[in-house]
Colleague: 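One structure, pasted below without further comment.
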Amino acid sequence: MKNRNNGKVPPAWIFILCISSFAFGMLFTNRVWAPPESSGQMISRRRYEQELPVFSEDSASNRKLVQDKDIMGEVHKTHEAIQPGRSLDKTISTLQMELAATQSSLEIGSLDGLPSISTSSHVRLPRKKAFVVIGINTAFSSRKRRDSVRETWMPQGEKLLQLEREKGIVIRFMIGHSATSNSILDRAIDSEDAQHKDFLRLEHVEGYHELSAKTKIFFSTAVAKWDAEFYIKVDDDVHVNLGTLAATLARHRSKPRVYVGCMKSGPVLSQKNVKYHEPEYWKFGEEGNKYFRHATGQIYAISKDLATYISTNQPILHKFANEDVSLGAWFIGLEVEHIDDRSMCCGTPPDCEWKAQAGNVCVASFDWSCSGICRSVDRIKDVHARCGEGAAAIWSALF
């Protein structure tokens, strides 16, 4: 019994061992074993993990959808702004010309010293309304030609102003300036203009080989000063019946882009030192080729959209040696209706006289051999007497 009792552990040590085991167990449980989750907590956690990427994707999709809607909205607004009431097959050239017309109307007054009102909104004086603006191409040396035109088919003084007010027909001799500032040539034109008040001065240096440039500047200047339905260029050695001209153009006023004249297609002359030589003949193909269709240069008419197109694109329109070819070239590639009207290129008597007697009064008369009326100063009065429509025709014409 004595030996067995001696092998027992003292009670104090047992107590210490129990306390130590309990503390160690608590420590081990907190560090290694996480408390078990309830079934509700486990389901919530799984749902959160599954829905998080879906929510992110939905947010991105929603943002993209909103952006797409915004973009489509802007595209729709753009289409509405560009094509209000227009058909879908509208050509690009049409849009460009209409844009040019709008731009020109906003920039009127910038040419030929047209007065303007300086305001913060850049509002300018409105252009004068007209049916047709006729520019008679003339030169410094052509005073006698101008007087012969004034004495025949072109009204003078109060009659000229009355023609503008009542019929909307504006007629001006168009001429530029000499190479020398304030030369005797310029002063002579200024004096003549003070007497007759029938000139349109152009920002252009006169010269025979500069007719293409002069034509561009004429249309640009005329568009800036007058809001007309048609613009006409005619030479100062051509006879014109104004009433017949106005009635002819009135038949085409519903068409947006018309080019009216006697259409031709002559050979491209590559030989030097000949009249109407074309230095850039190679641009028209092989030697012996013909030009594209274009109106002869003695007289032709173009509608408002085409004149505005020339005005807006003036700096980049190429000038060929011959003015009538240049004009035809500017319209190549555009939606333009070429109207071949042979009444605009009648011959002098007896040709125009026979036609007048048959009831087919000519718009214009000249001699092909002279590119105008031969010796027009001496003969235009005879042409007017035998082929003219009568002084009252223009005032009674309905258009």
Side-chain angles (χ1 to χ4, degrees), residues 135-146 173-180 183 185-186 202-220 232-238 259 261-302 306 309-310 313-334 336 338 340 342 344-345 347-348 364-377 379:
I136 306 175
N137 184 36
T138 191
F140 290 116
S141 60
S142 299
R143 173 65 190 261
K144 291 183 178 180
R145 282 189 181 183
R146 290 191 292 274
F173 288 104
M174 58 165 172
I175 193 168
H177 300 273
S178 65
T180 305
S183 69
L185 297 175
D186 291 312
L202 307 177
E203 291 300 324
H204 167 73
V205 177
E206 286 292 319
Y208 178 77
H209 296 292
E210 295 298 326
L211 289 179
S212 294
K214 185 176 182 179
T215 300
K216 289 198 297 183
I217 295 172
F218 161 64
F219 285 121
S220 299
I232 293 177
K233 177 262 177 182
V234 59
D235 289 337
D236 59 5
D237 56 354
V238 173
Y259 174 29
C262 289
M263 299 297 164
K264 65 174 183 177
S265 178
V268 182
L269 301 179
S270 59
Q271 299 84 3
K272 293 183 179 180
N273 301 321
V274 299
K275 193 175 183 180
Y276 307 127
H277 165 62
E278 178 55 70
E280 296 182 283
Y281 63 90
W282 58 273
K283 288 186 176 180
F284 298 91
E286 303 300 327
E287 288 191 30
N289 279 3
K290 291 186 175 182
Y291 288 114
F292 39 77
R293 287 285 172 182
H294 61 280
T296 185
Q298 286 84 352
I299 181 173
Y300 49 76
I302 61 176
L306 297 182
Y309 175 83
I310 293 174
N313 296 283
Q314 177 185 343
I316 60 172
L317 293 178
H318 184 70
K319 302 185 298 292
F320 289 103
N322 300 300
E323 163 250 345
D324 52 355
V325 172
S326 295
L327 185 78
W330 299 336
F331 300 151
I332 292 294
L334 303 181
V336 176
H338 291 58
D340 184 19
R342 309 314 289 184
M344 297 181 72
C345 54
T348 55
S365 300
F366 57 88
D367 299 309
W368 283 103
S369 59
C370 299
S371 298
I373 298 176
C374 298
R375 304 188 315 278
S376 64
V377 173
R379 295 182 58 233

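As a basis for the values below, the full set of heavy atoms in this structure was taken, side chains included, without hydrogen atoms, waters or symmetry mates.
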Colleague: If I take atom NZ from residue Lys264 and atom NZ from residue Lys290, how far apart are they, to the nearest 0.5 angstrom?
Modeller: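 Rounded to the nearest 0.5 Å, the NZ-NZ separation comes out at 12.0 Å.
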
Colleague: Let me confirm one number: the CD1-CG distance from Ile310 to Leu327, rounded to the nearest 0.5 Å.
Modeller: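 Result: 5.0 Å between the selected atoms.
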
Colleague: Measure from the side-chain N and O atoms of Asn289 to the backbone N and O of Val268, and report whether any donor-acceptor pair falls under 3.5 Å.
Modeller: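 Pair absent, no side-chain N/O of Asn289 close to backbone of Val268.
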
Colleague: Can you confirm whether Trp330 sits close enough to Ile302 that some side-chain heavy atom of one is under 4.5 Å from a side-chain heavy atom of the other?
Modeller: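 No. Closest side-chain heavy atoms not under 4.5 Å.
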
Colleague: Can you give me the closest heavy-atom contact between Ser212 and Glu323, atom names plus distance?
Modeller: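 Minimum heavy-atom separation between Ser212 and Glu323: OG-CA, 3.3 Å.
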
Colleague: Is the backbone N or O of Arg145 less than 3.5 Å from a side-chain atom of Asp236, with the two atoms forming a donor-acceptor pair by type?
Modeller: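 No; judged by distance alone, with no hydrogens or angles, the pair does not exist.
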
Colleague: Should we say atom NZ of Lys144 is surrounded by more than 12 heavy atoms from elsewhere, each under 6.0 Å from it?
Modeller: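 Atom NZ in Lys144 is not packed in, count stays at 12 or less.
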
Colleague: I'd like to know if Lys214 and Glu206 make a salt bridge, using a cut-off of under 4.0 Å between side-chain N and carboxylate O.
Modeller: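 Yes, this pair counts.
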
Colleague: Please give me the minimum heavy-atom distance between Arg146 and Phe173, naming the atom from each residue.
Modeller: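 Closest heavy-atom pair between Arg146 and Phe173: CG-CE2, 3.5 Å.
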
Colleague: Can you see which heavy atom on Ile232 is nearest to which on Ala301, and at what distance?
Modeller: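 Heavy-atom minimum between the residues: CG1-CB, 3.5 Å.
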
Colleague: Do the non-hydrogen side-chain atoms of Phe218 and Leu202 ever get within less than 4.5 Å of each other?
Modeller: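 A side-chain contact exists here, since the closest heavy-atom pair is under 4.5 Å.
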
Colleague: Shortest non-hydrogen contact from Asn137 to Leu211?
Modeller: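 Asn137 and Leu211 have their closest heavy atoms at ND2-CD2, 3.8 Å.
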
Colleague: Calculate, to the nearest 0.5 Å, the distance between atoms CZ and OG belonging to Phe140 and Ser183 respectively.
Modeller: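 Reported value, rounded in 0.5 Å steps: 6.0 Å.
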
Colleague: What I want to find out is whether Asp367 reaches Arg379 closely enough, with some N-O distance under 4.0 Å, to be called a salt bridge.
Modeller: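 Answer for the salt bridge query: yes.
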
Colleague: Drop me the distance from Thr180's OG1 to Leu185's CG, to the nearest 0.5 angstrom.
Modeller: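 It is 8.5 Å, given to the nearest 0.5 Å.
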
Colleague: Considering only heavy atoms from C-beta outward, does the side chain of Cys345 approach that of Trp368 to under 4.5 Å?
Modeller: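 In short, these two side chains touch, coming nearer than 4.5 Å.
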
Colleague: Between Arg342 and Gly261, is there a donor-acceptor pair closer than 3.5 Å when you use the side chain of the first and the backbone of the second?
Modeller: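 Between the backbone of Gly261 and the side chain of Arg342 there is no qualifying donor-acceptor contact (under 3.5 Å).
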
Colleague: Could you check whether any side-chain N or O of Ser265 sits under 3.5 Å from a backbone N or O of Tyr291, counting only pairs where one atom can act as donor and the other as acceptor?
Modeller: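 Confirmed, Ser265 side chain pairs with Tyr291 backbone.
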
Colleague: Would you give the length of the straight line joining atom OH of Tyr300 to atom CE of Met263, rounded to the nearest 0.5 angstrom?
Modeller: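 Separation between the atoms: 11.0 Å.
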
Colleague: Rounded to the nearest 0.5 Å, how far apart are OG of Ser326 and NE2 of His294?
Modeller: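 That separation rounds to 9.5 Å.
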
Colleague: If you take all heavy atoms of Ile299 and Ala364, which pair is closest and at what distance?
Modeller: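 Taking Ile299 first and Ala364 second, the nearest heavy atoms are CG2-CB, 3.9 Å.
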
Colleague: With a 3.5 Å distance limit and no angle check, can you tell me whether Lys216 reaches the backbone of Gln314 through a side-chain donor-acceptor pair?
Modeller: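 Yes: the side chain of Lys216 pairs with the backbone of Gln314.
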
Colleague: Within the distance-only criterion (no hydrogens, no angle test), does the side chain of Tyr259 pair as donor or acceptor with the backbone N or O of Ala295 below 3.5 angstrom?
Modeller: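 Looks like yes, one N/O pair under 3.5 Å.
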
Colleague: Below 30° counts as parallel, above 60° as perpendicular, anything between as tilted: where do the rings of Tyr281 and His277 land?
Modeller: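 If you compare the ring of Tyr281 with that of His277, the planes turn out tilted.
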
Colleague: Heavy-atom distance under 4.5 Å between the side chains of Lys233 and Met174, does that happen here?
Modeller: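 A side-chain contact under 4.5 Å exists here.
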
Colleague: Are Trp282 and Phe284, when compared by the centres of their aromatic rings, separated by less than 6.0 Å?
Modeller: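 Centroid separation for Trp282 and Phe284: 6.0 Å or greater.
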
Colleague: Assess, by modelled atom type and distance only, whether the side chains of Asp324 and Thr296 contain a donor and an acceptor separated by less than 3.5 Å.
Modeller: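 No, no side-chain donor-acceptor contact under 3.5 Å.
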
